[in-house]
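Heads up: the structure comes next, in structure tokens.
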Amino acid sequence: MGPHPAVAAIRLAVRRVLNDILDDHGRAPGRPAHEPPPSPLVLVACSGGADSMALASALAFEAPRLGVRAGGVTVDHGLQAGSDLRAAEVASRLRELGLEPVESVAVTVGRDGGPEAAARDARYAALDAAAGRHGAAAVLLGHTRDDQAETVLLGLARGSGIRSLSGMAAVSGADGRYRRPFLRLDRQTARKACMVQSLPVWDDPHNADPAYTRSRLRHEGLPALEKALGKGVVEALARTAQLSRDDADALDAWAGRAEAGVRDADGRLECAALHDLPPAVRRRVLRRAAIEAGAPAGSLFARHIEEVDRLITGWRGQGAINLPGRVVARRQGGRLVIRQG
């Protein structure tokens, strides 16, 4: 008798991702063709919740069958009393699954961008550092199709454009470090997999706290949409994410090719050439230029780029535009100058 359908689904998702990692690892530059690649290390980021525990169990099952080393990292955000003890307990559970190395990392959460964004930034910084310490080929994240739907709705609410609507990528980070095997699986599948395997899970009270935007969306917004529009909203939003990502990738590639044609011999952006580009392509060129000048990508919103765009399309002699990261954009003699001021 085979495993429960939920367990089979999560294992299949993880197996596919591990095979992709092995393919990428085997093609690493600089390795002689005759030399077999060393066994890669894959870490799972685990909070102790149902999604990440299901992911950890699937990784522990599949990794040795594919010749992959498997470890885990849990991040203690220090935002709740006893969080250190809970992180230690999660680390113990990961070791019981057979993962090694396992690490519990404490972080300090700042305030930039609000509590949710600050916690996310601290968490990814800790995961990046852990992957670097252990030489991990990849870090698996337990985001599900439900998380993807919530991300799309949050992007829609911010009016951040098609890239925001594309949600989370299955592969992201430097050198494709982060992998999300569960983006096509719903949250209930992960929870069911934990239940039938008797895996203890921890439900973070922040996930039900209405003080957090994502929590309100999860418990109020999405149920209201499903009540008004019928079932299938989550699946439709996840589909929207994939379609938007395909479009955004194509436009980004177009902007990359177009950028060389809108710069003069000194590398400065020419306003007339920018004006001739389609708006979606032009704004991508402007965004890339702002980030290259030092504007933090996470703080650079659509409204910032629209203001810079008006220096091209609605020039009336207006002054400089201040952007995040002390970056300034101004028009000078038919050229657009973007630099830290």
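All residue numbers refer to positions in the sequence shown, counting from 1. The model shown is predicted, which means the values in this text are computed figures rather than measured ones. As a basis for the values below, the full set of heavy atoms in this structure was taken, side chains included, without hydrogen atoms, waters or symmetry mates.
Heavy-atom neighbours of R339 CZ from other residues, nucleotides or ligands within 6.0 Å: at or below the threshold of 12. Atom CH2 of W254 sits in a sparse spot, with 12 or fewer heavy atoms from other residues, nucleotides or ligands closer than 6.0 Å.
Cluster membership for V7 and L97, using ILVMFWY side-chain heavy atoms within less than 4.5 angstrom, is not shared. Linking Ile, Leu, Val, Met, Phe, Trp and Tyr residues whenever their side-chain heavy atoms come within less than 4.5 Å places L286 and V281 in a single cluster. Note: the hydrophobic cluster containing V171 does not contain V14 (ILVMFWY, side chain heavy atoms under 4.5 Å, direct or indirect links). Hydrophobic clustering of Ile, Leu, Val, Met, Phe, Trp and Tyr side chains at less than 4.5 Å, counting indirect connections, keeps M168 apart from V234. L251 and I291 fall within the same hydrophobic cluster, where Ile, Leu, Val, Met, Phe, Trp and Tyr residues are linked whenever their side-chain heavy atoms come under 4.5 Å apart, directly or through other members.
Contact annotation: the side chain of R179 approaches that of L140 to within less than 4.5 Å [non-hydrogen atoms, C-beta and beyond]. Looking at R133 and V105, their side chains come closer than 4.5 Å, going by heavy atoms from C-beta outward.
With hydrogens and angles ignored, the 3.5 Å screen pairs no side-chain donor or acceptor of R191 with any backbone N or O of A50. At distances below 3.5 Å, at least one donor-acceptor pair connects side-chain atoms of T240 with backbone N or O atoms of A236. Of the possible polar contacts, none joining the R187 side chain to the R145 backbone as a donor-acceptor pair under 3.5 Å is found. The closest donor-acceptor contact from the side chain of S104 to the backbone of A91 lies at 3.5 Å or more, if one exists at all. Distance alone, capped at 3.5 Å, places no donor-acceptor pair between the Q188 side chain and the D186 backbone. Listed for the D266 side chain is no donor-acceptor partner under 3.5 Å among the backbone atoms of R268. The backbone N or O of R15 lies less than 3.5 Å from a partner atom in the side chain of N19, making a donor-acceptor pair. A donor-acceptor pair under 3.5 Å is absent between the side-chain atoms of H134 and the main chain of A131, judged by distance alone. Judged purely by atom type and a 3.5 angstrom limit, Q318 uses its side chain to pair as donor or acceptor with the backbone of G314. Looking at R287, its side chain does come within 3.5 Å of a backbone N or O of A297 through a donor-acceptor pair.
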Determine whether S172 and R180 satisfy the following criterion, side chain to side chain contact (heavy atoms under 4.5 Å, CB included), listing intermediate values before the conclusion. CA-CA 9 Å; S172 66; R180 297 177 173 87; 2.9 Å; yes
Full working for salt bridge (charged side-chain N to carboxylate O under 4.0 Å, His left out) between D146 and R218: CA-CA 9 Å; D146 301 78; R218 180 174 302 177; over 6 Å; no
Where do Q148 and R184 land on the side chain to side chain contact (heavy atoms under 4.5 Å, CB included) test, with the steps shown first? CA-CA 9 Å; Q148 185 74 298; R184 296 183 183 273; over 6 Å; no
If you apply the rule side chain to side chain contact (heavy atoms under 4.5 Å, CB included), what do you find for L222 with L237, and how did you get there? CA-CA 11 Å; L222 270 172; L237 287 168; 4.0 Å; yes
Assess whether salt bridge (charged side-chain N to carboxylate O under 4.0 Å, His left out) is satisfied between R283 and E306, documenting all intermediate values. CA-CA 8 Å; R283 288 172 184 160; E306 287 169 3; 5.4 Å; no
Taking it one step at a time, do L269 and I312 satisfy side chain to side chain contact (heavy atoms under 4.5 Å, CB included)? CA-CA 10 Å; L269 291 166; I312 308 298; over 6 Å; no
Kindly indicate, with the supporting measurements, whether the criterion side chain to side chain donor-acceptor pair (under 3.5 Å) is fulfilled by Q80 and R86. CA-CA 10 Å; Q80 302 168 17; R86 198 151 33 240; 3.2 Å; yes
Assess whether salt bridge (charged side-chain N to carboxylate O under 4.0 Å, His left out) is satisfied between R288 and E259, documenting all intermediate values. CA-CA 9 Å; R288 288 161 64 107; E259 186 171 359; 3.1 Å; yes
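T151 and R214 form a side-chain donor-acceptor contact under 3.5 Å, judged by distance and modelled atom types alone. With 3.5 Å as the limit, one finds no donor-acceptor pair spanning the side chains of Q197 and H4. Looking only at atom types and distance, the side chain of D147 has a donor-acceptor partner in the side chain of T144 under 3.5 Å away. Between the side chains of S57 and R11, not a single donor N or O lies within less than 3.5 Å of an accepting N or O.
Nearest heavy-atom pair, V152 versus A241, reported as atom, atom and distance to 0.1 Å: CG2-CB, 3.6 Å. A pairwise comparison of heavy atoms in S52 and S47 identifies OG-N, 3.0 Å as the closest pair. Nearest heavy-atom pair across L300 and A290 is CD2-CB, 3.8 Å. Pairing each heavy atom of G67 with each of P40, the nearest pair is O-CD, 4.2 Å. Contact detail for G155 and L165: the closest heavy-atom pair is C-CD2, 4.1 Å. Between S83 and G78, the shortest heavy-atom distance links the atoms OG-CA, 3.4 Å.
Applying the side-chain contact (heavy atoms from CB on, under 4.5 Å) criterion to E89, with sequence neighbours excluded, gives R93.
The distance from the CG atom of L43 to the CG atom of L41 is 4.5 Å, given to the nearest 0.5 Å. The CE atom of M53 sits 10.5 Å away from atom CD1 of I10, with the distance rounded to the nearest 0.5 Å. A distance of 4.5 Å separates CD1 in I162 from CG in D247, rounded to the nearest 0.5 Å. Between H77 atom NE2 and R120 atom CZ the span is 10.5 Å, to the nearest 0.5 Å. Between D309 atom CG and L274 atom CG the span is 8.5 Å, to the nearest 0.5 Å. For the atom pair CG of L199 and CD of E96, the computed distance is 10.5 Å after rounding to the nearest 0.5 Å.
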Side-chain donor-acceptor distances from residues 68-75 under 3.5 Å, at least two apart:
from, atom 1, to, atom 2, distance (Å)
R69, NE, S39, O, 3.2
R69, NH2, S39, O, 3.2
T74, OG1, C46, O, 2.7

Distance-only donor-acceptor pairs under 3.5 Å for side chains of residues 321-338, two or more places apart:
from, atom 1, to, atom 2, distance (Å)
R331, NH1, L311, O, 2.7
R335, NE, D264, OD2, 2.8

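Checking V44, L183, L127 one by one against L141, the side-chain contact (heavy atoms from CB on, under 4.5 Å) holds for a single residue, L127.
Residue pairs meeting the ring pair (Phe, Tyr, Trp, His ring centres under 6.0 Å) criterion with at least one member in residues 207-248, sequence neighbours excluded, are H206-Y212. Residue pairs meeting the salt bridge (Lys or Arg N to Asp or Glu O under 4.0 Å) criterion with at least one member in residues 123-132, sequence neighbours excluded: D128-R177. Sorted by first and then second residue, the ring pair (Phe, Tyr, Trp, His ring centres under 6.0 Å) pairs with a member in residues 162-193 read Y124-Y178; sequence neighbours excluded.
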